[in-house]
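Here the structure is a predicted model, which means the values were calculated and not measured. Chain identifiers are assigned alphabetically (A, B, ...) following the order of the sequence lines, protein sequences preceding nucleic acid strands; residue numbering begins at 1 within each chain.
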Number of protein chains: 2
Amino acid sequence: MTPSHKSLADTTAEGIIKYIIDNKLKEGAQLPNETTLSSLMGVGRSTLREAIRALVSRNILTVQQGSGIYVCHNTGVADDPLGFIFIENKEKLVADLLEFRMMIEPRVAALAASKATPDQAEELLHLAERVAECYDLGKSHSEADAIFHAKIAEISGNVIVPQLEPLIMHAIDMLIDITHSELKEETIKTHMAIVNAIQKNDPIAAQDAMTLHLIYNRDRLRKANEKSSLNNSHQ
Amino acid sequence: MTPSHKSLADTTAEGIIKYIIDNKLKEGAQLPNETTLSSLMGVGRSTLREAIRALVSRNILTVQQGSGIYVCHNTGVADDPLGFIFIENKEKLVADLLEFRMMIEPRVAALAASKATPDQAEELLHLAERVAECYDLGKSHSEADAIFHAKIAEISGNVIVPQLEPLIMHAIDMLIDITHSELKEETIKTHMAIVNAIQKNDPIAAQDAMTLHLIYNRDRLRKANEKSSLNNSHQ
DNA sequence: CTACAATAATTCATCAGACCAATATTTAAA
DNA sequence: TTTAAATATTGGTCTGATGAATTATTGTAG
C-alpha cells in the first residue's frame, strides 16, 4: 500500500524543479516546450506531461495551450493545498478559519508595525483606500481586502505568512457569500486604524486594531450566517 | 499568460474528487482501475492519468503499480504545498517557521487546555512519554514529537491547525539537522508542563508552558545553527 | 488438507505516434 | 502603416502497444 519507489513522473517533476532553480528562472519565465523538455529529462512526452501536471497542481507551473509552460507568479493562490474540500462541516471550517486568522493576524500586524518603513506605510494606505473605493463603487472588495492583508503580511517580514494568508482568505471567500455593504463604515475605519498604528510603528496599537477589525469581521459573518441558515434550513 | 479555460485534466481531477465524496470513500479505499475510471469520467487514459498525478501531488490519492489507486491516509504530509523550495534564504525560512510556530502553538495549547477531556489528557501524557522513550533509546524523536504536537492541535478542536502544523514541523525537520541529546531534560520537562496544564484545563498555564517549550526549542536550534555555520562557512 | 512454488491475471508505468485546438509569428494585401 | 490571412509553434487528447509490479489462481509435493 505504501509506494516503494518513486515513479519516473515524480523524478521528472523534481528534475524540472532543479532545472528551474539551476537556470535561475524567475516568475513568469518560460520553459522549453514539451518535446524539448522531455528529451532533456530523458522521458517520454506523456511522462513529462504527468510531471508537469503535478507541478501545476502545486502552483509551481502554469501551462497555456499554444503558448508554453511558465513558472508561476506566486500571486496565484494554490488550489486547496490543505485539503479543505474533504472537511465535512463547512460551517465549522469557516469558524475555524476565522479563529485561525485571529491567532496570527494581530501578531503579524504587530510585527509589521515594528518593521514598517514610511514607504511601506504609504503603500498600505493606498491599498486601504482602494478597498474603500470598492465599497463606494459597489464592487466586491474581497480581492482588494486580500491585497491589503497580504501587504501587511509582507511588511511583517515573515516569509510563511504571505504564503499562507491568501489561502485562508481565499477559502473563506469560497465558503461564504455575504453582502458587504452593511459594515462599510466599520471596515474602512478599522482598516485606517491599522494603517495608522503601522505608520506610527506602534506594535501594540496595530495588534489591537487588527484584533478589533477581525472581531467586527467575524461578527458580521456570524450574523450573515444565521440569516442564511434561517432561509434555507436544509443540509 | 493566464489560462483561459480549464483543461480536461483539471475537470477530470474535480470529477474524481466528486466521485470520492459522492461514494463516501474513506482513507485507504480503493478506486476503480484506470481504464474503468477513464470511461467513467469520459476521457482517455492519458488524461485520466494526468488528473490522478495532480491529485497525488496534492496528497489526495496514492497510486501503486500493480495494485491500484487509493484515497490517501491523511497522516502523510503533503510534499511542500507552500512552495518552500523556492525560498532562497533557507536560514531565514527556518527562523520564520519557528516564529510562526510561536504565533500559533501557544494559543492552540490554550484552546486545547480549555477543551481537553480527561481521556484526551491521558492520551497526551502517553505521547509525551513516548517522546521521552525515544530520547532514552537514542532514536530520533522528531516523529514522536510531531505526533505529540499534532495531538494538541487535534484537542484544540480547530480543524485548520492539525492540517497545517505537520507541514511546519516537517519543513523544519527537512531544513535542519540537529543532535537531540543536549536538551533532553528540558524537552521532557516542558512537555510535561504542557500536559499538566492541559490536564488541569488551565489555558493560561498551557499557553505559557508551550511558549517556554518553543523558546527552549528555538534557542537550541539557534545554537546548533551557529555551530554549523562556523564549520562550513560556504553558501 | 496444507504449504509452497509456479503460473496467470490484473493493474499501473511508460513510450510512441497521430491528430486536434489554441496561440504566436509571418506574410500578403489594402 | 495597418489589417487580415496563412503558416508555424505549442500544448491537449486519444489510442494502442509493451514493460513492470502486484495480486490471484492453480498445481503439486508433503
Side-chain angles (χ1 to χ4, degrees), chain A residues 1-17 19-20 23 25 27-73 76 79, chain B residues 1-17 19-20 23 25 27-73 76 79:
Chain A
M1 211 104 135
T2 309
S4 35
H5 72 305
K6 270 180 216 172
S7 73
L8 228 193
D10 288 337
T11 313
T12 306
E14 287 171 17
I16 295 174
I17 289 180
Y19 179 91
I20 294 174
N23 295 62
L25 299 189
E27 300 180 356
Q30 183 169 10
L31 277 74
N33 65 40
E34 290 187 345
T35 318
T36 315
L37 210 47
S38 65
S39 50
L40 262 179
M41 300 291 161
V43 301
R45 194 173 154 223
S46 46
T47 302
L48 176 89
R49 280 184 58 81
E50 289 182 19
I52 290 176
R53 272 293 145 210
L55 295 179
V56 167
S57 89
R58 283 170 62 183
N59 211 31
I60 291 172
L61 296 179
T62 55
V63 169
Q64 183 157 24
Q65 180 177 172
S67 176
I69 309 165
Y70 305 88
V71 178
C72 255
H73 291 81
D79 201 31
Chain B
M1 210 104 135
T2 311
S4 36
H5 71 302
K6 268 179 216 168
S7 73
L8 229 192
D10 287 338
T11 314
T12 306
E14 287 173 18
I16 295 174
I17 289 180
Y19 180 91
I20 294 174
N23 294 63
L25 298 188
E27 298 180 357
Q30 183 169 11
L31 277 72
N33 66 39
E34 288 188 346
T35 319
T36 317
L37 211 46
S38 66
S39 51
L40 262 179
M41 299 292 161
V43 299
R45 209 166 76 85
S46 48
T47 303
L48 177 88
R49 279 183 59 82
E50 289 182 19
I52 289 176
R53 272 294 146 209
L55 295 179
V56 166
S57 88
R58 286 170 60 184
N59 211 32
I60 290 172
L61 296 180
T62 54
V63 170
Q64 183 156 23
Q65 180 177 174
S67 176
I69 308 164
Y70 305 88
V71 178
C72 254
H73 291 79
D79 203 29

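Remark: P of dG11(D) and CG of L48(A) are 9 Å apart, rounded to the nearest angstrom. Atom CD of E50(B) is separated from atom C1' of dA13(C) by 14 Å (rounded to the nearest Å). For the pair L8(A) CG and dC15(C) C1', the interatomic distance rounds to 11 Å; values are reported in whole Å. Computed from coordinates, the M41(B) CE to dT13(D) C1' distance equals 17 Å when rounded to whole Å. Residue K6(A) contributes atom NZ, which lies 13 Å from atom P of dT14(C) at whole-angstrom precision. Note: CZ (R49(A)) to P (dA18(C)) measures 18 Å, nearest angstrom. The CD-P distance, from E34(A) to dC15(C), rounds to 14 Å in whole Å. Protein atom CG of D10(B) is 16 Å distant from nucleotide atom P of dG11(D), rounded to whole Å.
For V63(B), whose side chain is taken as the heavy atoms from C-beta onward, the closest listed nucleotide among dG12(D), dA13(C), dT10(D) is dA13(C). In the set dG12(D), dA13(C), dT23(D), the nucleotide with an atom closest to the side chain of Q65(B) is dA13(C). The listed nucleotides are dC12(C), dT13(D), dT23(C); the one nearest the side chain of T47(B) is dT13(D). The side chain of Q64(B) lies closest to dT22(D), out of dT11(C), dT22(D), dT23(C).
Looking at heavy-atom distances under 4.0 Å, S7(A) makes contact with sugar-phosphate atoms alone, never a base. Residue-level contact check: G44(A) touches the backbone only, with heavy atoms under 4.0 Å from sugar-phosphate atoms and none from bases. In this structure, S46(B) reaches the bases: a heavy-atom distance under 4.0 Å links it to at least one base atom across the strands shown.
Judged by distance alone, the side chains of S46(B) and S46(A) never bring a donor and an acceptor atom under 3.5 Å apart.
For dT10(D), the OP1/OP2 oxygens have no side-chain nitrogen or oxygen of T35(A) closer than 4.0 Å.
Here the closest heavy-atom approach between residue L48(B) and residue V43(B) is recorded as N-CG2, 3.9 Å.
Under the 4.5 Å side-chain criterion, counting only non-hydrogen atoms from C-beta, T62(B) is not in contact with V56(B). Taking 4.5 Å as the limit, every side-chain heavy atom of I60(B) sits out of range of all side-chain heavy atoms of V71(B). Side-chain contact between R53(B) and D10(A): present, with at least one pair of heavy atoms (C-beta onward) separated by less than 4.5 Å.
Under 3.5 Å, the side chain of R45(A) and the base of dG12(D) form at least one donor-acceptor pair of N or O atoms.
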